[in-house]
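Here the structure is laid out as structure tokens; the discussion comes afterwards.
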Amino acid sequence: MTVSPLIGVLALQGDIKEHELALTAVGARTSRVRTEAELAQVDGLVIPGGESTTMSNLAIRMNLIDPLRAASKAGLPMYGSCAGMIMLAAHVTDARPDQQSIGGLDVTVRRNAFGRQVDSFEIDLDISVVGPKPFRAVFIRAPLVESVDSGVEVLSTLQRGGAAGTIVAVRQGVRLATSFHPELTGDTRIHELFVEIVRQHS
Amino acid sequence: MADQEEVTGTSRVKRGMADMLKVGVIMDVVNAEQAKIAEDAGAVAVMALERVPADIRAQGGVARMSDPDMIDEIINSVSVPVMAKARIGHFAEAQILQSLGVDYIDESEVLTPADYANHIDKSLFTVPFVCGATNLGEALRRLTEGAAMIRSKGEAGTGDVSNAVTHMRRIRGDIARLTSMSPDELYVAAKELQASFDLVAEVARLGRLPVVLFTAGGIATPADAAMMMQLGADGVFVGSGIFKSGDPVRRAQAVVQATLNFDNPDVVAKVSRGLGDAMVGINVADIPVAHRLEDRGW
């Protein structure tokens, strides 16, 4: 592909701008997606951080949940950070019963798994697929991945208090998800990885 | 091997939490039932308090932090973040709210101030704070004290959006002036704004606040929300406007839709239909100066 890919950012709620800046910094073009027509234009989709309960609610009210599911089924590359990870997960524990997700990522995710906002934190992670340099990761009322099906690649885990590694970054084919917010730190390596996934897919 | 040491309460974690609320509506609620209505309507967070500003205004008396039982009940009833208000300068109320596990504290002029000289030293807390401001200098002083989010004050409990407009335009205008100044003029600008030079220089470089800027105080209709978003707000606080109206469920949904679709008048028109009565409201101009909340905060 010669022109840079057009990456949509699901623009229902959350830190839309920060993802746009990170994507632009790694050479992608961006557009905001609020309608089915806008979704049809993009080569890949980022689902930003925000409140997953609200995002799910708005996707339903804006008649966008079915088009998003169809796009996911059709193999549109998608990356979700935090709330975006919850939106992509096939199973969500402890969500409101009416919370709806897009699916496409065969994992089970727990919402607010680390506690309330006072428990939000930042930490260095090893994410070898983006290079040896530690990745400063910001976790805000973050979800974690409780279990993954076969076919899902674990990209990073977090060691906490002697417990076995908690899964915080995964990839399954053209789907990528992180519990944390790379868009808040200026480290664009996760966005670079996603844009590369989109390029190879196109 | 990465340094696996987790750090809580950093500026990035506090400010980042506010980033997650953008393009959202935060609604005042006084019980679990209202909190659920707000969440169902698409509120991005709820503000737990005992009396909405319109009632504080009507009933008078000293307005304080809410009962911990009531805050707990709201925390347990919704999955969205829960905010609560502490009085200006009342650091012990803030300590209690942090201990209860609220996700954000609003050091708010809506409650009766506890200290007429000092605000809370918010840098000492793990929980993030939002504070009101009527102009850029006030916003930057709150940031120096450790606030991680700013909201324009408006005039709470009135349903009159005019002060919210004035304050948002003033903050944005103050920022625009800074961006047009040469570097040597920023020293005097910092003096005049009564704000830290480093912050003034940062705002001049960014062309915006280094934190999220919401709007508050008098927003009562979908059109009010759409206007404030077009004036540059990142999101909207609605206090009395929802639950003092004729049909809170529909109005809450409509304000959420108008905030998201603020740049699409067709959608705002559609959601503005059939909402029943808006809160009755008071013209700010009819409120004696001594009873105006915008002047609380220094």
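Contacts between A:Asn112 and chain B at a heavy-atom distance below 4.5 Å involve the side chain alone, from C-beta outward. Contact annotation for B:Ala43: only backbone heavy atoms (N, CA, C, O) come within less than 4.5 Å of a heavy atom of chain A. Using a 4.5 Å cut-off between heavy atoms, A:Asp15 contacts chain B through both its backbone and its side chain. If you measure heavy-atom distances from A:Ala137 to chain B, you find no contacts under 4.5 Å at all. Heavy-atom distances place the side chain of A:Leu58, and not its backbone, under 4.5 Å from chain B. Contacts of B:Val82 with chain A are made by both backbone and side-chain atoms, with heavy-atom separations under 4.5 Å. In this structure, the portion of A:Val138 lying under 4.5 Å from any heavy atom of chain B is its side chain and not its backbone. Using a 4.5 Å cut-off between heavy atoms, A:Thr185 contacts chain B through both its backbone and its side chain. For A:Arg116, the parts sitting under 4.5 Å from any heavy atom of chain B are the backbone and the side chain alike. For B:Ala18, no part lies under 4.5 angstrom from a heavy atom of chain A. When heavy atoms are compared at a cutoff of 4.5 Å, A:Glu18 approaches chain B solely by way of its side chain, counted from C-beta outward.
Scanning all heavy atoms of the two residues, the minimum distance from B:Val44 to A:Gln13 falls at CG2-NE2, 3.3 Å. In terms of heavy-atom proximity, B:Met20 sits nearest to A:Gly49 at SD-C, 3.5 Å. Across every non-hydrogen atom of B:Val23 and A:Gly14, the tightest pair is CG2-O, 4.4 Å. Across all non-hydrogen atoms, the minimal contact from A:Arg136 to B:Val7 is NH2-CG2, 3.7 Å. Shortest non-hydrogen contact noted between A:Arg34 and B:Leu260 is NH1-O, 2.5 Å.
Taking CZ from A:Arg61 and CD from B:Gln257, the interatomic distance works out to 7.0 Å, rounded to the nearest 0.5 Å. Expressed to the nearest 0.5 Å, how far CG of B:Asp103 lies from CG of A:Asp119 amounts to 9.5 Å. Between the CG atom in B:Leu21 and the OG1 atom in A:Thr54 there is a gap of 8.5 Å [rounded to 0.5 Å]. Taken to the nearest 0.5 Å, the CZ atom of B:Arg12 stands 10.0 Å off from the CD1 atom of A:Ile140. Going from atom NE2 of A:His181 over to atom CG of B:Asp19 covers 9.0 Å, rounded to the nearest 0.5 Å.
Side chains of A:Ile16 and B:Lys22 form no contact here, defined as non-hydrogen atoms less than 4.5 Å apart. The shortest side-chain heavy-atom distance between B:Asn261 and A:Met62 falls under the 4.5 Å cut-off. When side chains are defined from C-beta on, B:Val78 does not count as touching A:Arg96, because their heavy atoms never get closer than 4.5 Å. By the 4.5 Å heavy-atom criterion applied to side chains, A:Arg111 and B:Ser79 are counted as neighbours. Using a 4.5 Å cut-off on side-chain heavy atoms (C-beta onward), B:Thr8 and A:Val118 make no contact.
Around the CD atom of A:Glu36, the shell of radius 6.0 Å holds no more than 12 heavy atoms that belong to other residues, nucleotides or ligands. Within a 6.0 Å sphere centred on CZ of B:Phe91, other residues, nucleotides and ligands contribute 12 heavy atoms or fewer. Few gaps surround CZ on A:Arg189; more than 12 heavy atoms of other groups in view lie less than 6.0 Å from it.
Ranked by heavy-atom pairs under 4.5 Å with chain A, the list B:Val212, B:Val80, B:Val256, B:Val102 is led by B:Val80. Ranking B:Gly16, B:Gly42, B:Gly24 against chain A, the residue ahead of the rest is B:Gly42, based on heavy-atom pairs under 4.5 Å.
Of all residues in residues 28-40 of chain B, those placing a non-hydrogen atom less than 4.5 angstrom from a non-hydrogen atom of chain A are B:Glu39, B:Asp40.
Using a 4.0 Å cut-off between charged nitrogen and carboxylate oxygen, B:Asp234 and A:Lys17 do not count as a salt-bridge pair.
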